[in-house]
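Below you'll find the structure, written out as structure tokens, and then a few comments.
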Amino acid sequence: MSSNFYCDGVDKAPQRSLLNALGMTKEEMQRPLVGIVSSYNEIVPGHMNIDKIVDAVKLGVAMAGGTPVVFPAIAVCDGIAMGHKGMKYSLVTRDLIADSTECMALAHHFDALVMIPNCDKNVPGLLMAAARVNVPTIFVSGGPMLAGHVKGKKTSLSSMFEAVGSYSAGKFTLEDVEEFENKACPTCGSCSGMYTANSMNCLTEVLGMGLRGNGTIPAVYSERIKLAKHAGMAVMELYRKNIRPRDIMTEKAFENALTADMALGCSTNSMLHIPAIANECGIKINLDMANEISARTPNLCHLAPAGHAYMEDLNEAGGVYAVLNELTKKNLIHTDVMTCTGQTLGENISGVINKNHDIIRPIENPYSQTGGIAVLRGNLAEDGCVVKRSAVAAEMMQHKGPAKVFNSEEDAIAVIRSGGIQAGDIVVIRYEGPAGGPGMREMLSPTSAIAGMGLDKEVALITDGRFSGATRGAAIGHVSPEAVSGGTIAYVKDGDIISIDIPNHSITLEVSDEELAERKKTMPIQEKTDLTGYLKRYSRMVSSADKGAIINY
């Protein structure tokens with residue numbers, strides 16, 4: 001594929017006439033045509049600065065001899081969409097973004113691409129598109145938000161959601177909530193903790209698709225503009241050397257991503273996105289790999305919500321490369337993989353120093369000897385479920401309690417906020433999976449309400465939906481098979497005892513096989529019959545969470 005297809009020859013004069021209509025000069029037509037995929041919009045705080053990133057990338061591309069051409073990608077703000085029907089439209093955009101970018105890139109024969117995402121679903125969506133299109137491609141994100149400051153402490157969006165729970169519990173006044181509201185999110189950028197957006201932007205560095213600092217340089221730093229210019233120049237080198245995404249995103253690169261995920265304590269959503277991106281590269285990743293890699297990978301970082309450090313702190317400590325360098329001390333990283341710099345990962349990280357051992361623990365002194373994410377299995381989740389164990393209190397690593405069952409997020413929130421959940425309970429929210437939701441909504445509102453009430457060390461939450469990276473506590477998601485597919489979670493009743501054992505990767509509904517068989521005869525599956533539009537199509541085509549919620553075409 002090349003833009004020369006319509007830039008040379010008399011028979012392509014009609015195409016050139018349309019390029020002339022754009023004001024494109026003959027000289028520009030004769031240079032490599034570089035598509036700049038911009039997710040700029042004015043509703044997502046993580047994207048409001050991307051216009052400046054785009055301008056910098058265009059300058060870098062032009063400086064290095066290319067012709068930059070901008071086209072858009074959509075993005076949903078998970079925080080704004082949280083807790084209502086809007087969240088059904090979050091995960092589903094990942095595939096819309098991949099599909100629409102593929103269409104634009106292949107229809108117009110771009111020679112190379114620069115992807116400019118930032119928030120939760122458009123990072124993996126654009127990585128999926130990069131693998132499909134497979135022309136020289138580089139990523140540069142909009143960058144993370146700075147932490148807020150409330151009552152002398154750094155804070156973030158997760159603190160904001162928990163403040164609402166504290167208000168419901170009578171621990172905060174309305175004035176306290178308003179102070180958080182005005183100070184928790186002080187700048188543009190992806191929300192300031194190790195949530196899904198920042199997890200995926202960091203893992204883009206690890207995969208080799210973004211330059212150093214892609215995941216950690218704050219959005220408001222001038223260094224972010226310099227990074228964008230360098231990305232524009234770097235893509236031209238990738239073009240000249242014909243280094244393509246599938247040359248970079250290899251099986252070894254995905255193993256590196258899973259390893260770094262465990263060390264960084266990334267969002268559980270990475271367990272949806274990494275398999276989906278790998279699938280586009282023709283590589284299969286299953287959930288069992290997560291436990292295998294976690295077993296040998298120490299957890300080195302406790303960024304919010306697991307701790308009190310933020311992305312700006314990780315950046316100052318040396319960033320993702322410093323974490324990777326720690327991991328090489330135990331030969332946990334494949335250093336021979338190619339990256340978007342044109343050099344190997346080992347060459348990129350050579351000499352990078354861990355500047356703050358409080359933010360990035362030395363590998364000899366980790367937070368734990370095992371990684372930040374665990375996959376559990378048992379009769380309640382035969383195909384697996386996922387928990388961010390680095391954000392789980394020690395008291396909840398093993399827990400047994402009675403189920404409080406809800407068929408929607410809204411029903412659960414209402415009971416939680418009214419004080420209907422007691423210490424020791426296990427909240428079960430079902431019919432929120434990829435097909436059953438549809439859209440696999442994030443459960444930040446109920447988990448934040450539980451945490452805000454001070455119950456995060458006493459109450460667990462289990463769902464076939466998913467969680468924001470901002471969630472902390474014993475929050476177990478991605479239960480597969482999901483309820484609408486006849487998974488065991490569809491047959492849990494109030495009062496059933498559930499046993500959770502995170503260290504031993506097990507989750508058990510303590511109900512006999514005979515009783516479950518009887519329930520399957522008498523408890524009908526609750527399918528949604530009022531779906532319309534894209535959600536109706538999505539629910540029919542999406543796979544289960546354990547397979548990455550990919551679309552089955």
Side-chain angles (χ1 to χ4, degrees), residues 37 94 97-98 101 112-118 120-141 190 194 196-217 227 231 234-235 238 243-264 266-267 269-285 289-290 293 297 314 319-325 327-328 332-349 352 371 373 548:
V37 188
R94 186 186 72 183
I97 291 162
T101 303
L113 296 167
V114 182
M115 307 291 199
I116 310 179
N118 209 28
D120 296 27
K121 309 310 166 302
N122 74 327
V123 182
L126 290 177
L127 283 164
M128 290 163 68
R132 287 186 201 173
V133 177
N134 203 36
V135 299
T137 302
I138 198 168
F139 278 64
V140 55
S141 75
S190 50
M194 188 54 82
T196 304
N198 293 326
S199 295
M200 294 310 303
N201 284 321
C202 287
L203 296 182
T204 298
E205 278 189 62
V206 182
L207 282 170
M209 292 297 292
L211 298 176
R212 181 184 179 184
N214 177 72
T216 59
I217 297 172
L227 181 73
V235 80
L238 292 173
I243 298 173
R244 299 168 182 251
R246 290 187 203 170
D247 300 324
I248 295 171
M249 292 192 287
T250 61
E251 187 170 351
K252 285 184 177 180
F254 283 106
E255 288 181 14
N256 284 345
L258 285 169
T259 301
D261 187 315
M262 300 302 169
L264 286 163
C266 290
S267 164
N269 282 315
S270 62
M271 293 296 101
L272 287 174
H273 301 321
I274 291 176
I277 300 162
N279 180 68
E280 298 291 348
C281 297
I283 297 167
K284 297 298 179 186
I285 289 178
M289 289 178 64
I293 291 173
T297 306
L314 178 60
V320 173
Y321 278 17
V323 175
L324 294 177
N325 228 354
L327 294 171
T328 61
L332 295 172
I333 292 292
H334 300 288
T335 57
D336 58 342
V337 293
M338 180 52 61
T339 73
C340 63
T341 65
Q343 297 182 305
T344 66
L345 184 63
E347 291 172 315
N348 289 346
I349 66 176
V352 177
I373 289 177

> Would Lys121 and His273 satisfy side chain to side chain contact (heavy atoms under 4.5 Å, CB included), going step by step from the backbone distance to the final call?
Replying inline: CA-CA 9 Å; Lys121 309 310 166 302; His273 301 321; 3.9 Å; yes
Do the non-hydrogen side-chain atoms of [X] and [Y] ever get within less than 4.5 Å of each other?
| X | Y | answer |
| --- | --- | --- |
| Arg94 | Leu272 | yes |
| Val135 | Leu113 | yes |
| Ile248 | Leu207 | no |
| Glu280 | Leu127 | no |
| Met209 | Cys340 | no |
| Cys202 | Met194 | yes |
| Leu203 | Cys266 | yes |
| Arg212 | Val320 | no |

>> Name the residue from Thr328, Leu324, Asn348 that meets the side chain to side chain contact (heavy atoms under 4.5 Å, CB included) definition with Thr335.
In response: Thr328
>> For Val140 and Leu211: C-alpha separation, side-chain torsions, deciding distance, then whether side chain to side chain contact (heavy atoms under 4.5 Å, CB included) applies.
In response: CA-CA 7 Å; Val140 55; Leu211 298 176; over 6 Å; no
Pairwise distance [atom1]([X]) to [atom2]([Y]) - rounded to 0.5 angstrom:
| X | Y | atom1 | atom2 | result |
| --- | --- | --- | --- | --- |
| Met200 | Asn118 | CE | CG | 12.5 Å |
| Lys252 | Ile283 | NZ | CD1 | 12.0 Å |
| Met289 | Leu258 | CE | CG | 5.5 Å |
| Ile349 | Leu345 | CD1 | CG | 5.0 Å |
| Glu205 | Thr339 | CD | OG1 | 10.5 Å |
| Asn256 | Asp261 | CG | CG | 12.0 Å |

Please answer whether the main-chain N or O of [Y] pairs with a side-chain N or O of [X] as donor and acceptor at a distance below 3.5 Å.
| X | Y | result |
| --- | --- | --- |
| Asn201 | Asn214 | no |
| Arg246 | Ala131 | yes |
| Asn134 | Arg244 | no |
| Asn269 | Thr196 | no |

Mind listing the closest non-hydrogen atom pair of [X] and [Y] along with its distance?
| X | Y | result |
| --- | --- | --- |
| Gly548 | Pro275 | CA-CB, 4.4 Å |
| Ala290 | Met262 | O-CE, 3.4 Å |
| Ile293 | Glu255 | CD1-O, 4.1 Å |
| Ala263 | Thr297 | N-CG2, 4.1 Å |
| Ile373 | Ser267 | CD1-O, 3.6 Å |
| Ala130 | Phe139 | CB-CE1, 4.1 Å |

> Could you walk me through whether Thr101 and Val133 pass the side chain to side chain contact (heavy atoms under 4.5 Å, CB included) check?
Replying inline: CA-CA 9 Å; Thr101 303; Val133 177; 5.6 Å; no
>> Run the side chain to side chain contact (heavy atoms under 4.5 Å, CB included) test on Asn198 and Leu314 for me, step by step, so that the C-alpha distance in whole Å, both residues' side-chain angles and the decisive distance to 0.1 Å come before the verdict.
In response: CA-CA 11 Å; Asn198 293 326; Leu314 178 60; over 6 Å; no
